[in-house]
Amino acid sequence: RFSKERFRKLIRKMFPVLNWLFSYQFREWILRDLHAGLNIGIFQIPQGLLGIWLTRLPLPMFNCFLSTFCCSMLYVIFGTSHHISVGSFSILNLVVKNILKSFNFNQTLSFNGSVDNFSDPTLTEDQMEALTLTASVTFLTGIIQLLLGCFCLGSVTKYLPKTLVDAYLTAAALHVIVSQFIFIFGVMLDFHKGPRDIFCDIFHYFRALPKANATSTLLFSLSLPVLWISKYISITYKRNPIAFPMELLLIITGTIISNRIHVYAESSSAVVSKIPQRLLPPTMPDLPNLSKIIMPAFSLAIVSCFLLVFIGERYASLHNYSISSSQELIVVGLCNICSSFFKSFAISCAISGTVIQEKTGGRTQLAAMIGATIMLVIALKLGYFFQMIPNGVLAAIVVFNMLPFLQKFLDIPTLWRQDKYHLVIWLGTFAAVLRLGLDVGLVIALALAFFIIGIRSHRMKMVELGQIPNTNIYRSLSVYRAAMEIEGVKIFQCCSSISFANMNNFKNYLLREMDMKAVPLDQSEMRDLISDSWSESSLENKDFECSWVCDQPLPPPRIPYTARLVKRSHTGRASSSSSVNLVRWSKNGDRHKSKTLLVGTADAQLPSLGTNTGDKTEKKEDEGKGASPLAGSAIDNSSVQLGQEEESADLSCPVHTIILDFSMVQYVDLQGSDLLKEIIHMFCDTGITVFIAGCHPSVIAVLEKNDFFVGSVTKRIFFLTLHDAVLAAVEKHQKPDGLQLSSKEVADKLQAKHQKVGYFA
């Protein structure tokens with residue numbers, strides 16, 4: 001139903017800028033956002049120029065900065081993170097460069113370090129084709145991200161552990177640092193692509209060290225310690241620390257010095273000054289080549305959006321707010337579509353810009369808006385002034401801002417002590433992303449994470465419980481020494497969901513703890529049982545009968561299980577016996593209760609809750625009798641006779657009741673419910689009653705859908721609490737009043753148990 005409140009929520013969801021704009025604390029935040037906006041705005045100017053220099057594309061400076069400005073405004077309006085700074089990303093630029101190289105644009109792109117004259121008329125056609133292909137890749141990337149966001153596939157990130165995000169960002173930071181070697185050494189090399197690309201790049205860079213630009217390397221070596229020292233200089237505003245703007249001072253100082261003094265170092269002016277500075281109008285994507293670039297575009301889309309979401313979640317957790325992953329996919333898709341109109345590169349989170357925006361005090365996207373405005377005004381008026389800044393200084397800023405992500409290596413010892421599963425995820429993600437790249441490595445990391453999470457969630461963990469004497473509290477026997485086992489009652493707590501992946505472990509645990517083994521029936525026994533079932537279901541015992549049947553035939557008899565339980569110490573004798581201790585079934589699967597399964601008295605009194613509920617009880621010895629499969633259920637006098645009189649199903653087991661604590665079970669699938677029903681039948685056939693306690697109503701509803709309650713398996717074996725199930729088991733198999741254990745006897749037994757295990761009160 002439409003209402004003003006619902007309309008208001010819809011508008012705020014579509015335009016997240018309204019969420020922080022209406023709650024903006026002007027006096028406390030405005031100076032912080034202005035300070036952060038000034039820093040990020042100045043930094044974005046040389047960052048955009050470096051993108052052009054890195055790809056060697058003939059992209060006019062006006063197109064580059066207009067694209068960054070429009071994308072920043074789009075993210076301010078539609079983005080949900082308060083600290084993300086969008087822009088070009090060096091790794092994505094290198095991917096675009098490799099895509100263009102695969103289309104034989106080697107003449108347009110300068111790979112050998114020399115500078116082509118892009119204003120040469122002979123290269124105009126190749127330049128436009130390269131820019132058109134770049135725009136097509138960016139456009140298709142945005143369309144893919146927009147579709148992923150509209151179908152809410154961004155919610156996949158909710159199921160990713162924090163260790164995967166940290167490992168991915170750490171490996172991405174190393175990739176960014178290696179990509180800065182171009183600017184550090186002043187050597188332009190062709191980047192490799194393959195399972196060992198980053199190691200090959202490092203190897204070739206060190207081989208090219210004799211040809212490195214000494215001035216660029218020296219400027220990098222001087223700038224990095226200066227930035228490191230600035231970490232210990234803090235500015236406090238409104239009792240909140242703000243990082244010293246050393247990046248801003250370095251850029252301004254380096255720009256002034258390089259314009260006054262000729263510095264023999266690589267700078268973006270070597271490429272940007274050769275490009276005609278005119279605004280290129282938007283053009284349609286290269287439709288014939290879309291099918292050829294769909295895979296690279298999909299790779300760019302995945303890396304771009306996941307990088308944006310991971311960085312956004314990192315800073316959202318630091319500043320106690322949340323982001324919408326699907327909305328982030330939509331906004332980054334819109335940014336890339338907008339960037340394609342300017343023939344620019346794929347847009348994602350500018351990691352260095354985001355780090356600078358956050359540490360210089362930015363609180364909202366107003367800082368990004370101020371920064372984008374400052375960037376556009378200065379770039380259009382004084383852009384040529386920033387072209388002379390040495391690349392080594394900018395590389396030092398980028399590398400310095402990547403160092404916080406590398407500090408996650410320090411979490412490895414903590415993960416080793418706390419959770420080895422997350423350590424495996426961390427190491428697997430880091431190795432995959434580092435060796436295979438940000439795209440293929442991400443897919444492998446996701447597969448590894450879901451595989452480990454699936455194994456861990458389906459890993460069966462069972463605990464045997466005991467009762468704290470004179471209480472209704474039940475705790476693990478292996479952990480709590482005060483807990484005592486109730487004679488004749490075994491309590492098992494299932495600490496995970498039951499599914500096809502762990503149901504066999506569930507069954508094997510119960511059989512092992514009960515010292516039993518499932519012996520499968522042979523073919524002759526199964527054939528005799530089925531023939532006996534058919535003979536009981538027929539109206540007359542005739543050798544041959546032919547009749548006209550109009551009604552739908554009844555289903556064949558349903559066998560509750562195909563194995564029986566025997567003591568492990570008597571496995572050989574039991575398996576050679578010709579007697580088949582199975583409970584009788586009808587043709588519709590309704591089992592009848594055998595007289596031989598009755599144990600206990602029907603008129604037993606309920607023990608007192610306050611005094612004797614914690615006391616141990618002894619089993620009443622009845623020759624030839626076992627436990628009733630259901631408490632208080634009716635008993636049928638019929639039993640199965642196969643060739644000879646049936647032997648007693650009692651295996652002389654001291655346990656008469658098994659209680660399964662399902663208070664921690666969240667789900668039971670179809671195969672798990674079938675196995676649970678089979679286990680109940682098998683234990684009931686041996687004279688052991690099975691109760692289920694604390695089962696959630698949602699699990700019971702799933703069991704009903706899976707046809708769990710058929711025949712003798714009814715809801716009467718389900719109890720609201722574990723204590724209720726224990727009371728029912730004790731009542732069913734209670735000792736005579738004269739044989740009840742007193743409180744003193746219970747205390748003596750408890751003291752003897754403590755002395756046996758070395759317990760000291």
Side-chain angles (χ1 to χ4, degrees), residues 17 21 24 26 29-53 59-79 82-89 245-260 267-269 271-273 275-282 334-335 338-339 341-345 347 349-350 352-358 360-389 393-394 397:
V17 62
L21 188 61
Y24 191 82
F26 188 83
W29 293 354
I30 185 62
L31 290 180
R32 297 166 63 94
D33 285 338
L34 284 172
H35 179 250
L38 178 62
N39 281 269
I40 190 61
I42 298 298
F43 175 75
Q44 283 180 335
I45 299 174
Q47 184 188 34
L49 298 175
L50 281 182
I52 300 175
W53 187 90
L59 180 67
M61 186 174 59
F62 297 103
N63 287 61
C64 178
F65 292 121
L66 282 175
S67 171
T68 304
F69 175 79
C70 294
C71 292
S72 298
M73 293 297 105
L74 281 174
Y75 192 85
V76 168
I77 298 173
F78 297 104
H82 299 173
H83 299 89
I84 288 290
S85 174
V86 296
S88 61
F89 184 52
M246 184 58 71
E247 290 88 352
L248 178 64
L249 295 180
L250 272 180
I251 293 174
I252 294 177
T253 303
T255 303
I256 294 175
I257 294 176
S258 60
N259 279 273
R260 294 290 183 180
S267 64
S268 58
S269 63
V271 175
V272 178
S273 61
I275 302 175
Q277 298 304 318
R278 63 180 186 275
L279 181 63
L280 296 178
L334 293 176
C335 289
C338 176
S339 179
F341 293 152
F342 296 96
K343 302 181 182 299
S344 189
F345 321 110
I347 293 297
C349 170
S352 301
T354 303
V355 174
I356 293 174
Q357 180 174 328
E358 189 271 338
T360 52
R363 296 300 302 266
T364 63
Q365 281 296 324
L366 180 63
M369 183 186 301
I370 295 173
T373 305
I374 292 174
M375 178 266 302
L376 183 64
V377 173
I378 295 179
L380 294 181
K381 296 295 184 181
L382 303 173
Y384 63 92
F385 191 66
F386 288 88
Q387 295 177 12
M388 302 303 298
I389 183 172
V393 177
L394 298 176
I397 296 175

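This chain uses plain numbering: 1 for the first residue, then up along the sequence.
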A.B. asks: Checking the side chain of Gln47 only, and the main-chain atoms of Ile40 only, is there a donor and an acceptor separated by less than 3.5 Å?
C.D. replies: no

A.B. asks: Applying side chain to side chain donor-acceptor pair (under 3.5 Å), which residue pairs with at least one partner in residues 59-70 are found, sequence neighbours left out?
C.D. replies: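 For residues 59-70, and leaving out neighbouring residues, the side chain to side chain donor-acceptor pair (under 3.5 Å) pairs sorted by first residue read Ser67-Ser339.
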
A.B. asks: Is any side-chain heavy atom of Leu366 less than 4.5 Å from a side-chain heavy atom of Trp29?
C.D. replies: no

A.B. asks: Rounded at 0.5 Å granularity, tell me how far CD1 in Ile252 sits from CD in Glu247.
C.D. replies: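 So the gap between those two atoms works out to 12.0 Å.
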
A.B. asks: Do any N or O atoms from the side chain of Ser258 and from the backbone of Thr255 form a donor-acceptor pair under 3.5 angstrom?
C.D. replies: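 Yes, Ser258 side chain to Thr255 backbone: donor-acceptor pair under 3.5 Å.
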
A.B. asks: Shortest non-hydrogen contact from Ala379 to Phe65?
C.D. replies: CB-CD1, 3.4 Å

A.B. asks: Out of Thr364, Val76, Ile374, which residue meets the side chain to side chain contact (heavy atoms under 4.5 Å, CB included) rule with Met369?
C.D. replies: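 Running side chain to side chain contact (heavy atoms under 4.5 Å, CB included) over Thr364, Val76, Ile374 with Met369 returns exactly one hit, Val76.
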
A.B. asks: Using modelled atom types and a 3.5 Å cut-off, is there a donor and acceptor pairing between side-chain atoms of Thr354 and backbone atoms of Ser85?
C.D. replies: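 Checking the backbone N and O of Ser85 against the side chain of Thr354, a donor-acceptor pair under 3.5 Å is found.
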
A.B. asks: Measuring from atom NZ of Lys381 to atom CG of Leu376, what distance do you get when rounded to the nearest 0.5 angstrom?
C.D. replies: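 Between Lys381 NZ and Leu376 CG, I get 10.5 Å after rounding to 0.5 Å.
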
A.B. asks: Backbone N or O of Phe385 within a donor-acceptor pair of the Asn259 side chain at under 3.5 Å?
C.D. replies: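 Checking the backbone N and O of Phe385 against the side chain of Asn259, a donor-acceptor pair under 3.5 Å is found.
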
A.B. asks: Taking side chain as C-beta onward, heavy atoms only, is Leu394 less than 4.5 Å from Leu49?
C.D. replies: no

A.B. asks: Who passes side chain to side chain contact (heavy atoms under 4.5 Å, CB included) against Leu34, sequence neighbours left out?
C.D. replies: Ile30, Leu31, Ile370

A.B. asks: With rounding to the nearest 0.5 angstrom, report the CZ to SG distance, Phe342 to Cys70.
C.D. replies: 4.0 Å

A.B. asks: To the closest 0.5 Å, what do you measure between CG (Leu249) and CD1 (Ile42)?
C.D. replies: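 Reported value, rounded in 0.5 Å steps: 11.0 Å.
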
A.B. asks: Is the closest side-chain heavy-atom distance between Tyr24 and Asp33 below 4.5 Å?
C.D. replies: yes

A.B. asks: Taking His83 for the side chain and Gln357 for the main chain, is one N or O donor matched with an acceptor at less than 3.5 Å?
C.D. replies: no

A.B. asks: Just wondering, do Phe62 and Leu280 contact through their side chains at under 4.5 Å, heavy atoms?
C.D. replies: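 No, their side chains stay 4.5 Å or more apart.
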
A.B. asks: If you compare all heavy atoms of Ile251 against all heavy atoms of Phe386, which two are closest, and at what distance to 0.1 Å?
C.D. replies: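 Residues Ile251 and Phe386, closest heavy atoms: CG2-CE2, 4.1 Å.
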
A.B. asks: Taking all atoms of both residues into account, what is the closest heavy-atom pair of Ile52 and Cys64, and its distance?
C.D. replies: CD1-CB, 4.0 Å

A.B. asks: Please, which pairs that meet side chain to side chain donor-acceptor pair (under 3.5 Å) have at least one residue in residues 70-79, sequence neighbours excluded?
C.D. replies: Tyr75-Glu328

